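Just so it is clear: chains get the letters A, B, ... in the order the sequence lines come, proteins before strands, and each one is counted from 1. All heavy atoms count here, side chains included; hydrogens, waters and symmetry mates do not. Fair warning: this is a prediction, and the values are worked out from it, not measured in the lab.
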Amino acid sequence: MIPMLDQIWFPLSITLWIATMSSLLVLCSGVVIAYIFARRDFRGKKLAELLVTLPLVLPPTVIGYLLVILVGKNGFIGHLIFNVLGTGIMFTRQAAVIAAYTVSLPLMVRTAQAAIEAVDKELEYAAYILGRSEIETALLITLPLAKRGILAGLVLSFARAVGEFGATLMLAGNIPGKTNTMSISIYSAFQAGNNELAQVLVLILVLMSLLFIALTGKIASREKFEV
Amino acid sequence: MGVKVRLRKSYYEAEDSKRRRDRAKGRAKTGAKIEAKKAFMLDVSFEMENELVVLFGPSGSGKTTLFKCISGITDPDCGNITVNNKVYYNKNNKINLPIQKRNLGYVFQNYTLFPHMDVRKNIECGLKNWNKESREERVMEMMSLLHIEELEKRYPFQLSGGQKQRVALARALAPRPELLLLDEPFSALDKGIKTEFIEKIKSLQNKLKIPLLFITHSLEEAFMLADRVLVMHGGKIQQFGTLDEISYHPENRHVAELTGLSNLFDDARVVGYDEISKSTVLMSGDLKIRINSLELNPGNLISWGIHPEDITFLLPGSEDQDKNIYQAYVSSVINKGPKKKITVKLIRHYKTLIAEVPAQFVESLRLSAGDSCLIKMEMSKVVVF
């Protein structure tokens with residue numbers, strides 16, 4: 001049985017769409033969270049750090065379950081979304097983005113936080129003394145100097161989003177033509193005995209993963225400024 | 001005008017959680033606030049005009065902490081800081097000007113050039129609200145002032161230590177600061193470039209007429225630069241005076257030691273004033289010393305000393321304690337660049353002195369270990385405190 005192009009193309013495009021959306025969200029929020037964790041002290045910071053990191057160690061099904069409670073029709077966030085949009089988001093590609101975002105955020109925060117913490121604070125003070133505000137200093141000095149860490153975090157988050165399976169399955173389900181991502185399609189093709197399709201999809205994911213590794217290696221070896 | 005600083009800041013020893021709990025418990029019992037153990041306290045007060053003042057003291061004496069308080073990187077516990085009638089900090093009036101509004105130039109010890117920006121961008125960083133033309137003009141002006149025009153497009157990692165220093169100085173001066181703080185800017189420079197920069201900084205200060213504070217722990221740099229020297233030790237100002245004042249009229253032992261007074265004795269007693277020779281007589285053990293000072297009460301126990309450079313060697317002759325001339329023998333001669341360091345022992349007084357004299361002088365006198373010699377301490381050069 002030769003897999004139809006659509007059977008490959010749709011999972012690939014939906015996976016790339018979900019991973020891109022999730023990575024954009026992770027980039028915007030993760031860098032801000034990482035900066036706050038690295039440079040500010042506040043009450044409950046340890047707890048906040050713990051909460052952000054938790055999805056890294058929680059079993060995917062547990063994350064999925066917790067997200068269903070939160071985002072589902074009766075959940076706090078789900079209720080809010082329902083009131084605004086007039087429709088729930090469970091079993092949609094948006095739900096898959098939420099699942100991917102939750103599991104890949106800690107990768108970005110941890111990598112970016114370490115990179116920001118490694119930026120010499122005296123450089124920031126030098127910028128303040130030259131009249132630059134904290135936001136200007138972050139944009140002009142801190143984040144550009146932590147760029148490599150942030151890029152590495154972005155690649156890791158994207159890869160994690162591409163591979164996301166457990167939480168996505170619980171939150172977005174496996175609706176053909178709607179939420180069947182690569183990982184999920186591999187599983188259902190395998191279950192249905194459609195080995196040809198499974199093999200093609202596996203091959204694509206292996207190639208993508210190799211690309212990610214090459215990409216992280218390239219970021220790590222980029223010209224380094226001596227401080 | 002000028003700078004007025006009066007502040008205090010304490011640092012506490014790091015506590016483990018158990019000690020902190022115990023302290024909190026103790027407070028709960030007695031109701032009194034129990035302080036953590038103080039590790040260090042900066043407690044300074046001084047005023048300066050538009051002049052160059054050197055902050056001189058050993059490492060750990062609080063020099064950099066003082067700079068951080070003035071620039072706003074850390075807040076003092078109490079006090080006030082005023083620069084050119086602009087209040088930077090005043091605890092009582094709850095004024096604490098943000099770092100960005102203080103308008104000062106600060107050159108950090110390691111220059112802190114932004115590594116991802118070229119020299120031009122580094123200098124431009126402080127010219128935030130300038131329009132394009134005046135900004136470009138100002139950058140050119142700064143680059144020509146410090147002779148770094150050809151470095152415009154280079155990145156910090158492509159610069160030598162001396163070049164980095166010029167760029168850091170240009171960057172600090174570009175926004176026309178009202179006060180310039182330099183934290184050991186010469187520590188990473190070769191001696192030759194150092195002398196050149198010292199001239200540069202002195203002429204810059206003359207030109208800009210802004211107060212300039214300069215940190216160093218090198219006596220040599222302090223002597224080459226300063227109008228006045230602020231001697232710090234253990235977080236406190238020990239003395240604030242001209243070079244002559246701190247070298248020949250130190251207020252205490254810390255200042256005496258820091259200014260290189262290596263021949264120091266604590267066992268002198270004031271005998272009295274001698275009208276004929278117009279000098280005060282001290283007895284240090286059984287060594288009689290005459291000094292020029294008048295305001296000493298007979299019977300007082302005081303410390304005296306003499307700088308190694310102020311000990312002179314005479315042609316062999318007889319001891320004359322009334323002229324501060326003593327018999328001695330050379331115990332060692334050590335090379336110290338163009339100078340020689342000679343350790344001499346006073347024959348009848350069990351005292352050892354260290355002298356520094358030009359090498360050629362030692363050769364012409366043919367001094368070597370074991371020789372007897374005659375030394376003199378000029379009355380006006382003997383330091384007492």
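- Annotation for B:Lys68: atom NZ does not count as buried by contact number, only 12 or fewer foreign heavy atoms lying within 6.0 Å.
- Only the backbone of B:Glu124 comes within contact range of chain A, with at least one heavy atom under 4.5 Å from a heavy atom of that chain.
- To the nearest 0.5 Å, atom CD1 of residue A:Ile129 and atom OG of residue B:Ser71 are 4.5 Å apart.
- Side-chain atoms of B:Asn110 and A:Asp120, non-hydrogen and from C-beta on, do get closer than 4.5 Å to each other.
- Considering only residues two or more places apart in sequence or on other chains, B:Glu152 meets the side-chain hydrogen bond (donor to acceptor under 3.5 Å, both in side chains) condition with B:Arg120.
- The local environment of CZ in B:Arg6 is sparse, with at most 12 non-hydrogen atoms from other residues, nucleotides or ligands closer than 6.0 Å.
- In A:Tyr187, the OH atom is not crowded: 12 or fewer heavy atoms of neighbouring residues, nucleotides or ligands sit closer than 6.0 Å.
- Shown here for A:Leu145 and B:His116, the closest heavy-atom pair between the two residues is CD2-ND1, 3.4 Å.
- A heavy-atom distance below 4.5 Å is found between the side chains of A:Ile141 and B:Met117.
- By the neighbour-count criterion of 12 heavy atoms within 6.0 Å, atom CD of B:Glu133 is sparsely surrounded, having that number or fewer from other residues, nucleotides or ligands.
- No more than 12 heavy-atom neighbours from other residues, nucleotides or ligands sit within 6.0 angstrom of NZ on B:Lys4.
- Counting non-hydrogen atoms of neighbouring residues, nucleotides and ligands closer than 6.0 angstrom, the OH atom of A:Tyr65 reaches no more than 12 such neighbours.
- In this structure, the portion of A:Glu136 lying under 4.5 Å from any heavy atom of chain B is its side chain and not its backbone.
- The backbone N or O of A:Arg132 lies less than 3.5 Å from a partner atom in the side chain of B:Gln100, making a donor-acceptor pair.
- Annotation: A:Leu210, atom CG; neighbour count of heavy atoms from other residues, nucleotides and ligands within 6.0 Å is above 12.
- The distance from the CD atom of A:Glu134 to the CD1 atom of B:Ile99 is 10.0 Å, given to the nearest 0.5 Å.
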Set out, in order, the CA-CA distance, both residues' side-chain angles and the distance that settles side-chain contact (heavy atoms from CB on, under 4.5 Å) for A:Tyr125 and B:Phe108, then state yes or no.
CA-CA 10 Å; A:Tyr125 287 130; B:Phe108 288 82; 4.1 Å; yes
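- Within the 4.5 Å cutoff, side-chain heavy atoms of A:Leu123 are placed close to those of B:Pro115.
- Chosen from B:Lys121, B:Arg102, B:Lys101, B:Arg171, the residue pairing most often with chain A at heavy-atom distances under 4.5 Å is B:Arg171.
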